[in-house]
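The block underneath contains the structure these notes are about, expressed in structure tokens.
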Amino acid sequence: MKKLVCMLCAVSLCAAMLAGCGSSSSSSAPVSSDASSSQSAADPGQDASSSSAADSSETAADTADTEKLAAIVSAIEAVNEVPNPRVIDDFSLENDMGLTPDNIVAFQGDVTNNQSDCALVFAAQVKDGAVDTVLAELEAYRGTMTSTLYADEAAKVAKAQDARITSSGNIVVMVISGVEGPDYSEIDAAIQEALA
């Protein structure tokens with residue numbers, strides 16, 4: 001008998017908790033929507049203008065300048081040709097290069113698809129305040145190439161060690177000369193001119 005009473009008490013307690021949880025969540029939804037509608041009813045102009053101002057400033061900072069990125073990549077590749085190029089895509093950006101996608105507004109670039117080469121040209125438009133983070137991630141990527149990825153190939157290691165990683169404003173650039181590619185002085189001049 002005691003077991004039956006205990007089970008009935010437990011079942012009724014569970015039912016009360018479920019009923020309480022259900023009514024709590026359903027009652028909280030209208031309250032929050034009423035609060036937001038009463039706030040906008042109190043001063044509809046200010047609420048709308050402040051949200052549109054925030055949206056426009058956010059949009060201006062995050063507007064991708066893909067034409068500029070394409071021009072930078074083209075200008076550098078005119079000097080440092082990437083043989084058998086493979087476009088750097090979202091997967092490569094995050095998984096191969098180790099970059100955090102949330103820090104980047106837009107990017108363009110090519111990396112060689114030849115096993116015997118290491119040429120790479122990459123340009124990214126970075127979000128405000130994230131330039132140093134992206135530069136550090138590119139330095140880590142260079143370290144990976146020289147210590148593990150190209151460890152058995154001296155020519156590729158030498159080129160990767162001298163990779164150029166630089167920035168101008170919110171634009172970050174990484175360039176690796178191909179094994180048969182130009183001297184880095186030519187690449188430096190092309191980068192400087194492209195970022196001017």
Side-chain angles (χ1 to χ4, degrees), residues 57-196:
S57 66
E58 198 173 295
T59 304
D62 294 344
T63 301
D65 193 347
T66 53
E67 289 181 21
K68 182 175 185 175
L69 294 174
I72 291 168
V73 170
S74 294
I76 297 169
E77 286 186 359
V79 172
N80 182 48
E81 183 182 349
V82 177
N84 190 17
R86 176 176 52 88
V87 172
I88 297 172
D89 59 11
D90 292 338
F91 182 86
S92 299
L93 179 87
E94 186 172 5
N95 296 292
D96 296 339
M97 300 177 76
L99 298 179
T100 305
D102 289 344
N103 291 331
I104 295 176
V105 176
F107 65 96
Q108 289 195 11
D110 297 306
V111 61
T112 185
N113 213 21
N114 291 352
Q115 293 296 318
S116 60
D117 209 331
C118 59
L120 176 142
V121 176
F122 174 76
Q125 180 182 347
V126 178
K127 291 183 179 176
D128 287 338
V131 171
D132 291 338
T133 301
V134 174
L135 289 172
E137 290 173 339
L138 288 174
E139 289 290 350
Y141 175 51
R142 172 175 36 194
T144 300
M145 285 188 289
T146 58
S147 65
T148 57
L149 191 61
Y150 300 151
D152 297 332
E153 301 173 60
K156 289 165 72 173
V157 168
K159 292 290 187 171
Q161 283 175 335
D162 287 338
R164 297 310 198 237
I165 300 171
T166 188
S167 66
S168 175
N170 278 17
I171 302 294
V172 172
V173 171
M174 180 177 189
V175 181
I176 302 174
S177 175
V179 171
E180 300 297 325
D183 184 85
Y184 271 107
S185 61
E186 293 178 53
I187 291 173
D188 290 337
I191 293 170
Q192 188 173 7
E193 187 174 328
L195 293 179

Self-check item: K127 side chain near V105 side chain, heavy-atom distance below 4.5 Å
Solution: yes
Quiz item: Do any pairs count as a salt bridge (Lys or Arg N to Asp or Glu O under 4.0 Å) and have a residue in residues 167-178, sequence neighbours left out, and if so which ones?
Solution: none
Quiz item: Say you draw a straight line from OG1 of T63 to CD of Q125; how long is it, rounded to the nearest 0.5 Å?
Solution: 8.0 Å
Quiz item: Tell me, which pairs form a salt bridge (Lys or Arg N to Asp or Glu O under 4.0 Å) where one or both residues lie in residues 179-188, sequence neighbours left out?
Solution: R164-D188
Self-check item: Pairs satisfying salt bridge (Lys or Arg N to Asp or Glu O under 4.0 Å), at least one member in residues 85-97, at least two apart
Solution: none
Exercise. Kindly write out the residues that satisfy side chain to side chain donor-acceptor pair (under 3.5 Å) with D65, not counting sequence neighbours, or none if the list is empty.
Key: none
Self-check item: Pairs where residues 102-113 contributes a residue and the test salt bridge (Lys or Arg N to Asp or Glu O under 4.0 Å) is met, not counting sequence neighbours
Solution: none
Quiz prompt | With sequence neighbours excluded, residues passing side-chain contact (heavy atoms from CB on, under 4.5 Å) with S116 | solution = N114
Exercise. For a side chain to side chain contact (heavy atoms under 4.5 Å, CB included) with N170, tell me which candidate from V134, D128, I104 qualifies.
Key: D128
Exercise. Name all residues meeting the side chain to side chain donor-acceptor pair (under 3.5 Å) criterion together with Q161; count only those two or more places apart in sequence or in a different chain, and write none if there are none.
Key: none
Exercise. Test L135 against every option in I165, V126, T166 by the side chain to side chain contact (heavy atoms under 4.5 Å, CB included) rule and name the one that passes.
Key: I165
Quiz prompt | Least distance between heavy atoms, Y184 atom then S177 atom | solution = OH-N, 2.9 Å
Exercise. Apply side chain to side chain donor-acceptor pair (under 3.5 Å) to D132 and list each qualifying residue two or more places apart in sequence or on a separate chain.
Key: none
Practice problem: Only counting residues at least two apart or in another chain, list the ones meeting side chain to side chain donor-acceptor pair (under 3.5 Å) with T100. | Solution: E137
Counting only pairs under 3.5 Å, give me each side-chain donor-acceptor contact of residues 68-82, with atom names and distances, residues two or more places apart or in other chains.
{"residue": "S74", "atom": "OG", "partner": "A70", "partner atom": "O", "Å": "3.0"}
{"residue": "N80", "atom": "OD1", "partner": "G178", "partner atom": "N", "Å": "3.3"}
{"residue": "N80", "atom": "ND2", "partner": "I176", "partner atom": "O", "Å": "3.0"}

Quiz item: Is F122 close to L93 at the side-chain level, that is, under 4.5 Å between some pair of heavy atoms?
Solution: yes
Quiz item: If every non-hydrogen atom of M145 is compared with every non-hydrogen atom of A160, which pair is closest and at what distance?
Solution: CB-CB, 4.3 Å
Self-check item: Shortest non-hydrogen contact between M174 and L120, atoms and distance
Solution: O-CD2, 3.5 Å
Practice problem: Give the minimum heavy-atom separation between A119 and D117, together with the two atoms involved. | Solution: N-OD1, 3.4 Å
Quiz prompt | Closest approach of P83 to T112 (non-hydrogen atoms, all atoms of both residues) | solution = O-OG1, 2.6 Å
